[in-house]
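Working notes, structure below.
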Amino acid sequence: MRIVKVNASKKYNIYIDRGLLSEAGEYIREAAGGNRAVVVTDSNVDKVHSEQLMNSLRNSGYDAVKYVIPAGEESKNLQVLAEILSFMAANHFSRKDVAVALGGGVTGDITGFAAAVYMRGIRYVQIPTTVLAAVDSSVGGKTAVDLPEGKNLAGAFCQPSAVICDTAVFDTLAERDYNNGFAEVIKYGMIADEDIFDILERSIDEIIERCVKIKADIVNEDEFESGRRQILNFGHSIGHAYEKLSGFSMLHGEAVACGMVKICRIAAAKGICADSCADRLTEALMKFGLPVKADYSAEDVAEMMKMDKKASGDSINLVLPLKPGRVKIEKTPLESLKDLLETGE
Ligand code: GLY
């Protein structure tokens, strides 16, 4: 088994191995304790993975209950959050009990937020069931729900007590969903460790370990995103705009893939990085069937980017590549975005 340690405001382990789901109860007991456990999962994951987890929790002595939310981003809202909180209250959860997120980013984010606010905070454990959640959202303690005005607008920084990554679970993902996670894997190659490009064919356990080590380092240094953590948003400001413009028909990783290529092309046009930087990125993304170009006008993308929650006042921090493995953060006036986006065409 591979173990990566996070040393943020709270210390915890990320466990990575095939078959961990059937032993998860023991890891949860050790990391979080408590008598009751609520497993929050979505309607898709529930059908395939929750029974194994519930059995494991019961075998480890937990009084385990389950709350299933409808699959999809639409569930990440205040109403569903309130339902999870009420479910915990109706089941007499105390501050010593534990919430377990079994699923992708939506489940992880909403369960983490429910744990952050239930009785002013209870422990929770992340069990990511997608590659995307395993390498990004399950680690680092960002929790949130969406508001009608935008994604992730209500949330809290709240670190989990453990992350349990059973890589056998990914066998059940459709190819498109599996590949979706590789946009974030390749992102780590661009922002921090060029060698990631050379290990893309290796075992998923090794890939996840490498990525979460990078993320853990960044979170240890800048848990509350006042500086370096922003580099994790590489490709995301443009990517989020694409995602919204596509009406969410593009998956997150697909939109981020196009966003990363676009920002590379912009940086190359400005002489900040070489053309070969975008070529290396494009080649890696295409190996996983990820798109590398989204056909939206500079004007539409710029308008969408202005509504990004990361835009503050009249500027937005863009993460620009210097070369594979190195990026810089540049404060960019919102009014220059349209011209900038035209530059990279
Ligand atoms: N997903 C970006 C972060 O955790 O900071």
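For the numbers below, each heavy atom of this structure counts, side chains included, while hydrogens, waters and symmetry mates do not. Whatever order the structure lists ligands and atoms in, that order sets their numbers, starting from 1.
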Does atom CD of Glu335 have more than 12 heavy-atom neighbours, drawn from other residues, nucleotides or ligands, at distances under 6.0 Å?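 Atom CD in Glu335 is not crowded, with 12 or fewer foreign heavy atoms closer than 6.0 Å.
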Distance-only polar pair, side chains of Asp222 and Ser226, donor-acceptor under 3.5 Å: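 Their side chains do contain a donor-acceptor pair, which is all the 3.5 Å distance test asks for.
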For ligand 1, the residues whose heavy atoms come within less than 4.0 Å (ordered by chain, then number):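 Shell around ligand 1 (4.0 Å, heavy atoms): Asp136, Lys142, Lys215, Arg229, Leu232.
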Dump the intermediate steps for side chain to side chain donor-acceptor pair (under 3.5 Å) on Gln230 and His236, then the final yes or no. CA-CA 10 Å; Gln230 293 174 49; His236 281 60; over 6 Å; no
Identify each donor-acceptor pair in which a side-chain atom of residues 269-293 lies under 3.5 Å from a protein atom, sequence neighbours left out, and give them as a table.
| residue | atom | partner | partner atom | Å |
| --- | --- | --- | --- | --- |
| Arg280 | NH1 | Glu194 | OE2 | 2.4 |
| Thr282 | OG1 | Ala278 | O | 2.6 |

In terms of ring plane angle, is the pair His240 and His252 parallel, tilted or perpendicular, where the classes change at 30° and 60°?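 Taking His252 first and then His240, their aromatic rings sit tilted (interplane angle of 30° to 60°).
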Under 6.0 Å from the ring centre and within 45 degrees of the ring axis: does the NZ or CZ of Arg29 meet both conditions for the six-membered ring of Tyr62?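 Pair Arg29/Tyr62 counts as cation-pi.
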